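Written out below as structure tokens is the structure these notes cover.
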Amino acid sequence: MNILMIGATGFIGKEVVKQLALEDVSLTLLVRDQSRAASLKALAPSKIALVTGDLTQPNLGLDETDKASVLNCDLILHCGGPMDITLSETLAKKAFLEGSRYVMDLAKEIQEQKGLKKLIHVAGYMSPFNDEASVWEDTDVFNEVHPALIGTPPYEQMKFLSDIYMRQEAKKNHIPLAVINPPTVIGDDQTGDTAQLGGFGLFIKIIRGGSLPVIPGGKDYRLPLINKNIIAEFIVQTIFNETQEKMTYTLVSDKASDPDISDLMTTISESMHIKTPRLTVPFGLLKFVMTFGGSQLTGIPKSSLNFLTNRTFDNQLTKNDFEPELVSKLSASNVPLAIADIDFRLTYGEAGITPYTRTSLQGATVYRLDGKGKPLVLIHGLFSDGTDLFDLGLALNKQTAREIIIPDLPGFGKSPFVKSRDSLIPYLDLIASIKKAMPEGAIFIGHSFGAALLMEASNRNYLVESDKIILLQPPFKKIVKEPYSWLSKLMLKQASDKQLAHYFNRNGLLLTNVAKNDMYLKRVKASFNSPRILNTTLELNKVLKGMTLTLSEHRVYDVLWGKRDKSYSLPIDHEQVIKLNDGHFFPISNPLETATYISSLI
């Protein structure tokens, strides 16, 4: 089977290609820029072909050669179009309605020449249309708006008019049409990786900015979510399932299986380390306020509330045609990981992780590099996350050939904050989970707060004497006094680049590598825009002040110490301490030198 896929480089499309690359099919991907799809083709070079085109152009913008290739396809999968609810009517019409016309023109041509096995169109869960033709068959979509769509924003209106058009043309030309209506799509159920910042990303942006301090609608409303790998599984299965007379699949779980908006906002608030809203505002009132000035005042697009619904969706056909195990996954899992991932992207922008791979453990994000022997586990400190230790991990991997494991601690990087009466428990539990996953043992290396955490894990018997621990700049004794946390929060959020650099310089924290210093300080400054990272940093800094850290004679620690640090001092001149002519953040500024010392210790 040769499948033409439109929208392959999109959030959903990439996951579909990834899964189809494992199947016995050929894929022809319509892309605007082939360089953007190079990584997709690399998944299965012998099975994946790229053609240059444009959904919004007649003949999909294909040249004669590429069109001839496309006409040999047996099935069309259309999941193209932008995810931007603020699109104007003109742009939305071009992207969706006119785009669907050009897709159908090609589908009809294939149908006339050889017969099209199936056309699959990914629409949206708020579409009011299904296989009942009497509802939509007489609508002139290019000249009128269906009554069910009057008053809806251009994005939804044009998207669902295109749904009507695809149904009309498929019926007229006897083309088997399957329509998939997914809810809001978030990252996969393993890592939460959510590159799409529209939809759920917009909701997180609104909440983290403090623009929605109330619960919209209350327990009658929900925001249905699905993991991207699960919707991809449904699409792939739809390709291989037998053709049915009715094939409109709503991928919204039963209402009882989905958290209501109150529960979802609690999850978001706790993951973001912010206060959970308690006041419920009727949905109608909230939309009224948004329509009459509230949207401009808060910066919340009024159309963003359209994702919330109190409707019950008919998913019976989905239950009939797909395996129960897959149907049971309709409601998204690992939502906190997706929340943290989105917050990370809103804070820092896109960030590559190559050559690391990303997994999750104990609800936290974990990065890995392959290797042999006892793994090296690197634990970051405050004012940093796992990615700041990537260079150190790469150097250690090269020098020792060992596996490298770097977690983002809860509340940092791409890991959600975890609420606990004992603030340290979620962090200690993560250490314990990493240790449990390493039956052959591991070597734990902690920087700053990460070093303090490893010492606490040892004191509480999360780690035992046989676990080797290397401490990088453990925060033994605080020299510099800091203001109260509320003042620190205010100062951090309002600090200029110059003030931040001065603080790091004055306290011997600054990195000695100038290029890295600039990059690092920009990341630190950016982190203050995330309430999750900022509040977690302040909370753990307060916890750190109450911790008693000493080098015990009964526990062997190897210590690397940057002697230019003016914030902390060593309580004793211990023989296990290797002193470096560097500051507090030497593992980040000088990863090669640090790796060499660590390699000698292991």
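None of the values given here were measured: they were computed from a predicted structure.
Heavy atoms only, all atoms of each residue included: Ala338 and Gly187 are closest at CB-N, 4.4 Å. Contact record, Leu337 with Gly363: CD2-O, 3.7 Å, taken as the closest heavy-atom pair. For the pair Leu396 and Ser599, the tightest heavy-atom approach, listed with the atom from each and the gap, is CD2-OG, 3.9 Å. Minimum interatomic distance between Ser600 and Tyr597 (heavy atoms only, all atoms of both residues): OG-O, 2.5 Å. Considering all non-hydrogen atoms of both residues, Val17 and Ala8 come closest at CG2-CB, 3.9 Å. Pro277 and Ile215 get closest at one heavy-atom pair: O-CD1, 3.4 Å.
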(Q) Does Thr537 form a side chain to side chain contact (heavy atoms under 4.5 Å, CB included) with Phe528? I'd like the steps, not just the answer. (A) CA-CA 9 Å; Thr537 300; Phe528 301 154; over 6 Å; no
Q) Passes salt bridge (Lys or Arg N to Asp or Glu O under 4.0 Å), Asp518 versus Lys522? Steps please. A) CA-CA 6 Å; Asp518 291 342; Lys522 284 180 181 178; over 6 Å; no
Q: Please report the C-alpha distance between Ile406 and Val366 in whole Å, then the side-chain angles of each, then the deciding distance to 0.1 Å, and finally whether the side chain to side chain contact (heavy atoms under 4.5 Å, CB included) criterion is met.
A: CA-CA 6 Å; Ile406 308 177; Val366 177; over 6 Å; no
Q: For the pair Leu601 and Ile578, evaluate side chain to side chain contact (heavy atoms under 4.5 Å, CB included) and give the outcome as yes or no after the intermediate values.
A: CA-CA 10 Å; Leu601 294 173; Ile578 299 173; 3.9 Å; yes
Q: Before giving the answer on side-chain hydrogen bond (donor to acceptor under 3.5 Å, both in side chains), spell out for Asn334 and Gln190 the whole-Å C-alpha distance, their side-chain angles and the decisive distance to 0.1 Å.
A: CA-CA 7 Å; Asn334 265 342; Gln190 296 301 309; 5.8 Å; no
Q: Begin from the C-alpha positions of Thr276 and Met265 and carry the test side chain to side chain contact (heavy atoms under 4.5 Å, CB included) through to its verdict.
A: CA-CA 7 Å; Thr276 302; Met265 290 194 73; 5.7 Å; no
Q: Go through Asn229 and Asp189 one step at a time and tell me if the side-chain hydrogen bond (donor to acceptor under 3.5 Å, both in side chains) criterion holds.
A: CA-CA 7 Å; Asn229 58 311; Asp189 60 2; 2.9 Å; yes
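Checked by atom type and distance alone, the side chain of Arg402 pairs as donor or acceptor with a backbone atom of Lys374 at under 3.5 Å. With hydrogens and angles disregarded, a donor-acceptor distance shorter than 3.5 Å links the side chain of Lys41 to the backbone of Ile48. Looking at Asp467, its side chain does come within 3.5 Å of a backbone N or O of Val464 through a donor-acceptor pair. In this structure a side-chain-to-backbone donor-acceptor pair under 3.5 Å is present from Arg532 to Gly413. Counting only distance, with no hydrogens or angles, the side chain of Gln196 and the backbone of Gly198 share a donor-acceptor pair below 3.5 Å. Listed for the Asp558 side chain is no donor-acceptor partner under 3.5 Å among the backbone atoms of Ile470. Panel note: side chain Ser458, backbone Leu454; no donor-acceptor pair is recorded below 3.5 Å. Listed for the Thr194 side chain is a donor-acceptor partner under 3.5 Å among the backbone atoms of Gly192. Using a distance-only test at 3.5 Å, with no hydrogens or angles considered, no donor-acceptor pair links the side chain of Ser253 to the main chain of Leu330. Side-chain N or O atoms of Ser530 include one that pairs as donor or acceptor with a backbone N or O of Ile533 at under 3.5 Å.
Looking at residues two or more places apart in sequence or on another chain, you find a salt bridge (charged side-chain N to carboxylate O under 4.0 Å, His left out) between Asp258 and Arg222. Here Asp422 pairs with Arg460 under the salt bridge (charged side-chain N to carboxylate O under 4.0 Å, His left out) rule; sequence neighbours left out.
Residue Ile186 holds its CD1 atom at 10.5 Å from CD1 of Ile230, rounded to the nearest 0.5 Å. Leu376 contributes atom CG, which lies 11.0 Å from atom NZ of Lys468 (distance to the nearest 0.5 angstrom). Interatomic distance, CG of Leu540 versus CE of Met547, reported as 9.5 Å (0.5 Å rounding). Put simply, CD1 on Ile588 and CD on Gln473 are 11.5 Å apart, with the number rounded to the nearest 0.5 Å. Taking CD from Gln34 and CG from Leu29, the interatomic distance works out to 9.5 Å, rounded to the nearest 0.5 Å. Within the model, atoms CG of Leu453 and CG of Leu463 stand 8.5 Å from one another, a figure rounded to the nearest 0.5 Å.
Residues Ile339 and Phe200 have side chains in contact (heavy-atom distance under 4.5 Å, counting atoms from C-beta outward). Leu471 is not listed as a side-chain neighbour of Trp561, based on a closest heavy-atom distance of 4.5 Å or more. Side-chain contact check for Leu197 versus Arg345: some heavy-atom pair is nearer than 4.5 Å. Residues Leu308 and Ile261 are in side-chain contact: their nearest non-hydrogen atoms beyond the backbone lie under 4.5 Å apart. Contact check for Tyr557 versus Pro474: no side-chain heavy atoms found under the 4.5 Å cut-off. Phe417 is not listed as a side-chain neighbour of Met272, based on a closest heavy-atom distance of 4.5 Å or more. Contact annotation: the side chain of Phe586 approaches that of Leu560 to within less than 4.5 Å [non-hydrogen atoms, C-beta and beyond]. Between Leu264 and Val335 the shortest side-chain heavy-atom distance falls below 4.5 Å.
Around the NZ atom of Lys18, the shell of radius 6.0 Å holds no more than 12 heavy atoms that belong to other residues, nucleotides or ligands.
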Run the side-chain donor-acceptor check on residues 377-386: report pairs under 3.5 Å with partners two or more places apart or on a different chain.
residue: His380; atom: ND1; partner: Ser384; partner atom: O; Å: 3.3
residue: His380; atom: NE2; partner: Leu409; partner atom: N; Å: 3.0
residue: Ser384; atom: OG; partner: Gly381; partner atom: N; Å: 3.4
residue: Ser384; atom: OG; partner: Gly381; partner atom: O; Å: 2.9
residue: Asp385; atom: OD1; partner: Thr387; partner atom: N; Å: 2.9
residue: Asp385; atom: OD1; partner: Thr387; partner atom: OG1; Å: 2.5
residue: Asp385; atom: OD2; partner: Arg523; partner atom: NH2; Å: 3.2

Show me the donor-acceptor pairs, under 3.5 Å and distance only, between side chains in residues 440-449 and residues at least two apart or in other chains.
residue: His447; atom: NE2; partner: His584; partner atom: O; Å: 2.9
residue: Ser448; atom: OG; partner: His584; partner atom: NE2; Å: 2.8

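Ion pair Lys372/Glu403 not flagged as a salt bridge, since none of the NZ, NE, NH1 or NH2 atoms sits closer than 4.0 Å to an Asp/Glu carboxylate oxygen. Arg358 has no carboxylate O lying under 4.0 Å from a charged side-chain N of Asp408, or vice versa, which leaves the two without a salt bridge.
Evaluation of the side chain to side chain donor-acceptor pair (under 3.5 Å) test over residues 263-272, restricted to residues two or more places apart or in two chains, returns none. Counting only residues at least two apart or on different chains, the salt bridge (charged side-chain N to carboxylate O under 4.0 Å, His left out) pairs with a member in residues 195-215 are Arg208-Asp343.
Aromatic rings of Tyr568 and Phe476 (six-membered ring for Trp) have centroids beyond the 6.0 Å cut-off, not under it.
In this pair, Phe585 and Tyr520 present their aromatic rings tilted. The plane angle is within the 30 to 60° band.
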